[in-house]
Student: 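Before I ask anything, let me first share the structure, which is written out below as structure tokens.
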Amino acid sequence: TYQTFDWELYLKETNSVAAPIDCFKQHEVPPTNEFKMGMKLEALDPRNLTSTCIATVVGVLGPRLRLRLDGSDNKNDFWRLVDSNEIHPIGHCEKSGGMLQPPLGFRMNASSWPMFLLKTLNGAEMAPAKVFKREPKDPRSNLFEVGYKLEAIDKKNPQLICTATVGAVKDDIIHITFDGWRGAFDYWCRYDSRDIFPAGWCFKSGHPLQPPRQKSTGQNRFKSRTSNVLPVLTVSGGEPAVALVSPAGSSVPPQPATEPDTSTAN
Ligand code: MLY
């Protein structure tokens, strides 16, 4: 369960603007997810983009799929949008003259791949072509500007989509920072990345959105009945100002007053 996040209020309180929707390679109306758990499809192996493999849907979240490559382990799951160009119905690879490949780290002898493939597909529920949605058009250029707010996948916790800010723009790439978090989760991506979304996308698509992390002021956790001293915000150097605002209407669980160890916080 999660709270819906009030973007309008947050933008006002942080005196910031949302990145316009034409910045993004996303449909204005998020696609609906008609995949079912257990369905099989073809996916590019994220660890070897020259290979097309068999994948199984092991999770669904809004318009996103959690995928596991057949013959791989359960430690290398990855997420794709239902309108990704990296997933296709079974048969697509062969139609285009290719051969399905074992995933990197195939758990059996390579010689057992043909029989494994046969047994994997026999009686399997294959995702029908109609549940694969067309990829959005490319934005005409990099229209992002520093300071724009957006929703972005946390690549270290890829099930999460979080409130974020464009920290820098350089040629065709942008720097993504996560509101209220130190740099450990930042990354650079192309402006046409499928991992970034306009403000409001999660709400429209039924995907959970991680609100900005708020630092405790200490006021609530350490309140003293005798103190007349105004509470002081716990600020350490380089914290973005957004960590200090408290958007009304958003409710997040109490956070520790100390910084988490971001080297292990995944
Ligand atoms: N397990 C981590 C999750 C951090 C998520 C950071 N994102 C939102 C930028 C932790 O709780 O520390």
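As the structure lists them, so they are numbered: ligands from 1, and atoms in each ligand from 1. Both backbone and side-chain heavy atoms feed into the values below; hydrogens, waters and symmetry mates do not. Just so it is clear, the structure is predicted and the values come from calculations on it, not from any experiment.
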Student: For atom 9 (C) of ligand 1, which of the options Ile176, Asp154, Leu160 provides the nearest non-hydrogen atom?
Tutor: Asp154
Student: Check each atom of ligand 1 against the heavy atoms of Cys162 and keep those under 4.0 Å away; list them by number with element.
Tutor: 8 (C)
Student: Determine whether the aromatic ring centres of Phe116 and Phe106 lie less than 6.0 Å apart.
Tutor: yes
Student: Please check: side-chain N/O of Ser96 versus main-chain N/O of Cys93, any donor-acceptor pairing under 3.5 Å?
Tutor: yes
Student: State whether Arg213 and Asp179 are salt-bridged, where the test is any N-O pair (Lys NZ or Arg NE/NH1/NH2 against Asp/Glu carboxylate O) under 4.0 Å.
Tutor: no
Student: Determine whether the aromatic ring centres of Phe203 and Phe5 lie less than 6.0 Å apart.
Tutor: no
Student: Within the 4.0 Å heavy-atom shell around Phe178, which atoms of ligand 1 are there?
Tutor: 9 (C)
Student: Below the 3.5 angstrom mark, is there an N/O of Asn157, backbone or side chain, next to an N/O of ligand 1?
Tutor: no
